[in-house]
Number of protein chains: 2
Amino acid sequence: MAGRVTIATVAHHARVSRQTVSNVINAPQLVRPETRERVRAAIEVLGYRVSQAARQMRTGRSRLIAVRIGPAGDGINGSVLDRFLHGLTEAAAPAGYRVVLYTATGDDAEIAAYEELLGAHDLDGFVLTGTHPGDARTDWLARRGVPFVTFGRNWEAQPEPVFGGGEHSPTQHSKAQPEPAFGGGEHSPTLNREAQPEAVLGGGEHPWVDVDGAWGTRAATERLLAAGHRRVGFIGWPPGSAVGEDRREGWAAALRAAGVDLSGLERRVDDRVAEGERAAVDLLGTVDLLGTAGPSALVCASDSLALGALRAATAHGTAPGGIASPRIAVIGFDDTPVAQAVGLTSVSQPLTEAAAGCVALLIRLLDGGDHDGDLDREGEGEGDSGGRRHLLLRPRLVVRDSG
Amino acid sequence: MAGRVTIATVAHHARVSRQTVSNVINAPQLVRPETRERVRAAIEVLGYRVSQAARQMRTGRSRLIAVRIGPAGDGINGSVLDRFLHGLTEAAAPAGYRVVLYTATGDDAEIAAYEELLGAHDLDGFVLTGTHPGDARTDWLARRGVPFVTFGRNWEAQPEPVFGGGEHSPTQHSKAQPEPAFGGGEHSPTLNREAQPEAVLGGGEHPWVDVDGAWGTRAATERLLAAGHRRVGFIGWPPGSAVGEDRREGWAAALRAAGVDLSGLERRVDDRVAEGERAAVDLLGTVDLLGTAGPSALVCASDSLALGALRAATAHGTAPGGIASPRIAVIGFDDTPVAQAVGLTSVSQPLTEAAAGCVALLIRLLDGGDHDGDLDREGEGEGDSGGRRHLLLRPRLVVRDSG
DNA sequence: ATCCGGTACTTGAACGATCCAATCGTGCCT
DNA sequence: AGGCACGATTGGATCGTTCAAGTACCGGAT
């Protein structure tokens, strides 16, 4: 009550002015080492913490970034989301940023939420998930000059698929340490913020992080091919979903590369277990006019579909009359707890790295706004997102019993 | 840039003083309706939003509440957590509060996080999850006089099991609308905050919200008994977990009430699918000295265990030699996506209501601090958390194929 | 001796809201 | 008419920080 520790308290204790204390915190290089240490000691002794509110009022920056948390199953869903959120929170903390949540149903409501968050709380930036073609949110934010990053690539601008890592081999660095850079100083030095955010977002494309779904389904398909399967089927979502098309494409590419004819190997259904089961039964029972049998393995666009397929496969394998026919392999997507529970092989998204990538890109926009010069240095081993505005991460195939 | 809309802008536009505008926002009853409307119109026209930073600096209140998001599977996990988070965010918004996330591994690290959050961001309150006996966090917060609510009852003080709803019958209101109260005014009227938080937490017990696990397992067990099963087994966690003991107790109580002997019907294992399967195989194969067969149905402390049990049950049901023995029923706990996917009957926690309850209790601490008088009125049909400091919610049994 | 550039630090003035005490009607009662 | 109470409104001070400008000092070139 009586003794809130302010910057003035510290200043008095260290026998310097307030501004010098401020400099020790925000621009240490301006202060003589001797003085600096004296001030730091005072801060330590008194247990001083800068008041974010006061700082924010002066600078207009809140050091808060916002993420939407949908009701459920929107874009990235279920337990996928909370791993992502955890990754965000953990990556943001060392840079002095915190994550606040907001909800909204539909793009319009979300834009209203932006108004509120920006107006009242001076939010510094946004992380969007579940982007889709024709997304009103990205346009709105870009037009307003609000810094943001999307988890999910920009589906508008198709070209320029930039890869995060180096080589294209199936071996992958499991832990890529996306941003070892920002551990250094406590805060970035004071900069003359000229408030020209539209310059930051120049170039027409916003920064994004995404997981290469096609690579995942391709890896899954190739694994099945390598195991001797030829006719590898695919159960995906109805056309129209960009993510869905991406995942399908990986499967198709792998089969084309192996010279397998795709016809009759594919079903497109809604993302539910029962639908997946029906589609699988349908596919597995197929015998075309030439007597070619149905697929002997299935790649699915989600774990839900895969779970359905797995049921159908089990039934199919034992049904004929006692003699177990060769087992139908199934591979899912997202490595949800369901997959872990039932032993389903699945493509796992590197969510922690994706989250760290989002934070790194966003913080670059926020703290390093106008350092265009710095972007010139190329891949000095600094970490994945070296000077990039986009980051396409490779998923990982988690192999279990099912394929 | 040039024209940020401040309270002075609005005042000028509406031809009143700043204070009047402030009163319209914070204590509308002090302002003549005519003036009030004029000011509101000006706010609307100009798109004015109060600057939280400025308000916070003056009042010391940030209108931010914090929730920890653990790495995974800690206390409440997976998709359970993000439903809870969504509920919190949604319930907090109409009262003008926002949810910020933080991470910490272990109680000590979490306490360090409190220091930081309180010192720098002036956080108003905390929602803790996964409380356990001897929790250092609650002590620390209580000693500091920081408002907080736990999701998870206070395991220290065993007595006083207060029920949220009314009657104790198995029928339940599916949607209980936990807090229809706070939709009214935009903000609470200005109060003389005397900053005596220790008074708020007087009485030795902190507010909490919890789900009545025993009620859930009891309902599950009773359902199985009603379906004709007599020997209903239980697969739970090793002794030591308060939540685990609670869930076990519901099963035990139901069997005792039905006059069934519990011996040999129970296994206690770690919370993994394989362990659940092993335990179920073990239980189902049991034939004791008197020739009594093993259980014909299983209640489990989690969906993981139940999934294992379900596998064992399927195998058990078909193994003997062709003739399918009567199906073994299995019921899980938490209604995770896994349960939904495999058709497992499971006890579902009312997470949205729990979250709303947490927010309601916390906001009562924050906004209504010293209204001790108000607590006297008893259950006036105000909604669940009428004047209560504790809220024990009933779970719901979601019936699917498995039992 | 004067001027200069730079470093190290200090001082006054904002940021935008709320709180406090004082003021200004306005109606009502005696 | 005067006094009083009450409701509505006002100006000034304040929260803790950063920004912009200013002071003091020192070594070296003019």
Side-chain angles (χ1 to χ4, degrees), chain A residues 1-12 14-39 43 46 48-63 96 119-122 187-195, chain B residues 1-12 14-39 43 46 48-63 96 119-122 187-195:
Chain A
M1 225 203 197
R4 169 149 175 80
V5 182
T6 82
I7 205 171
T9 320
V10 176
H12 185 256
R15 300 185 312 279
V16 293
S17 67
R18 295 162 313 183
Q19 182 62 29
T20 302
V21 177
S22 177
N23 284 337
V24 169
I25 295 166
N26 300 303
Q29 74 282 5
L30 296 180
V31 182
R32 196 198 326 159
E34 182 189 325
T35 315
R36 197 191 302 159
E37 279 318 308
R38 185 153 40 95
V39 172
I43 289 176
L46 298 170
Y48 165 76
R49 314 258 152 152
V50 319
S51 157
Q52 279 297 336
R55 168 181 281 177
Q56 174 180 351
M57 184 148 88
R58 194 67 245 245
T59 62
R61 312 267 319 272
S62 61
R63 299 198 91 86
H121 293 268
D122 277 321
H187 290 297
S188 66
T190 309
L191 298 172
N192 277 355
R193 311 191 191 293
E194 286 288 66
Chain B
M1 225 197 199
R4 169 152 175 80
V5 183
T6 84
I7 202 171
T9 320
V10 176
H12 185 256
R15 300 185 310 280
V16 293
S17 68
R18 294 162 308 171
Q19 179 65 13
T20 302
V21 179
S22 177
N23 282 339
V24 169
I25 295 166
N26 300 303
Q29 74 282 5
L30 297 181
V31 183
R32 198 199 320 161
E34 181 189 326
T35 316
R36 198 191 303 160
E37 279 318 309
R38 185 153 39 95
V39 173
I43 289 176
L46 298 170
Y48 166 76
R49 313 263 150 148
V50 323
S51 159
Q52 279 298 335
R55 168 182 282 177
Q56 175 180 350
M57 185 149 79
R58 193 68 242 245
T59 62
R61 311 267 321 269
S62 61
R63 300 197 91 84
H121 293 267
D122 277 320
H187 291 294
S188 67
T190 310
L191 297 173
N192 276 356
R193 311 192 191 293
E194 285 289 66

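Letters go in sequence order (proteins before strands), and every chain restarts at 1. Just so we're clear, the structure is a prediction, and the values are computed from it rather than from any experiment.
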**Q** Which ranges of DNA chain C pair up as stems, where a stem means three or more consecutive Watson-Crick or G-U pairs with both distances under 3.5 Å?
**A**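 Expected stems, ordered by start: C:1-30 with D:1-30.
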**Q** Nearest whole angstrom, please: distance from the P of dA24(D) to the CZ of R32(A).
**A**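 So the CZ-P distance, R32(A) to dA24(D), works out to 17 Å.
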**Q** With T9(B), which residues qualify under side chain to side chain contact (heavy atoms under 4.5 Å, CB included), at least two apart?
**A**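 For T9(B), the residues satisfying side chain to side chain contact (heavy atoms under 4.5 Å, CB included) (neighbours in sequence not counted) are V5(B), T6(B), L46(B).
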**Q** Quick one: does Q56(A)'s side chain have a donor or acceptor within less than 3.5 Å of a partner on R63(A)'s backbone?
**A**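 No, Q56(A) side chain to R63(A) backbone: no donor-acceptor pair under 3.5 Å.
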**Q** Can you tell me how far C1' of dC20(C) sits from CG of N23(B), to the nearest Å?
**A**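 That distance rounds to 12 Å.
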**Q** Report the distance from atom CZ of R32(A) to atom CZ of R38(A), rounding to the nearest 0.5 Å.
**A**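 R32(A) CZ to R38(A) CZ: 8.0 Å, rounded to 0.5 Å.
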**Q** Would you give a per-nucleotide map of nucleotides 11-16 of chain C, 5' to 3', where B means the base has a protein non-hydrogen atom under 4.0 Å away, S means only the sugar-phosphate does, and - means neither?
**A** BBBBBB
**Q** Is the phosphate of dC19(D), meaning OP1 or OP2, less than 4.0 Å from a side-chain N or O of S22(A)?
**A**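 False: S22(A) side-chain N/O out of range (4.0 Å or more) of dC19(D) OP1/OP2.
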**Q** Whole angstrom is fine here: how far is it from CZ in R15(B) over to P in dT10(D)?
**A**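 Taking atom P of dT10(D) as the reference, CZ of R15(B) is at 11 Å.
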**Q** Grab the CG-P distance between N26(A) and dG16(D) for me, whole Å please.
**A**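 Nearest whole value for this atom pair: 17 Å.
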**Q** Run I25(B) and I43(B) through side-chain contact (heavy atoms from CB on, under 4.5 Å) and show every step you take.
**A** CA-CA 10 Å; I25(B) 295 166; I43(B) 289 176; 4.3 Å; yes
**Q** Restricting to nitrogen or oxygen on both sides, can you table the protein-nucleotides 24-27 of chain C pairs closer than 3.5 Å?
**A**
none

**Q** Taking only residues two or more places apart in sequence, or in another chain, which ones meet A54(B) in a side chain to side chain contact (heavy atoms under 4.5 Å, CB included)?
**A**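 M57(A), S51(B).
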**Q** Can you find a side chain N or O atom of T59(B) that sits less than 4.0 Å from OP1 or OP2 on dC15(D)?
**A**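 No.
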**Q** What's the CD-C1' distance between Q29(B) and dA8(D), to the nearest Å?
**A**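 Value for this atom pair: 13 Å.
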**Q** In this structure, how many angstroms lie between the C1' atom of dC9(C) and the CZ atom of R38(A), rounded?
**A**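 It is 11 Å, rounded to the nearest whole Å.
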**Q** With sequence neighbours left out, what residues match S22(A) under side chain to side chain contact (heavy atoms under 4.5 Å, CB included)?
**A**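 If we apply the side chain to side chain contact (heavy atoms under 4.5 Å, CB included) test to S22(A), skipping adjacent residues, the hits are I7(A), Q19(A), N26(A).
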**Q** In whole angstrom, give the distance that lies between atom CD of Q52(A) and atom C1' of dC15(D).
**A**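 Distance, rounded to whole Å: 15 Å.
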**Q** Just to verify, which of V39(B), V50(B), T35(B) counts as forming a side chain to side chain contact (heavy atoms under 4.5 Å, CB included) with V21(B)?
**A**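 So, applying the side chain to side chain contact (heavy atoms under 4.5 Å, CB included) to V21(B) and each of V39(B), V50(B), T35(B), only V39(B) qualifies.
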**Q** R36(A) and Q29(A): which non-hydrogen atoms are nearest, and at how many Å?
**A**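 Looking at all heavy atoms of both residues, the shortest contact is NH2-CA, 4.3 Å.
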**Q** dC19(D) C1' sits how many Å from R61(A) CZ, rounded?
**A**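 Answer to the nearest Å: 15 Å.
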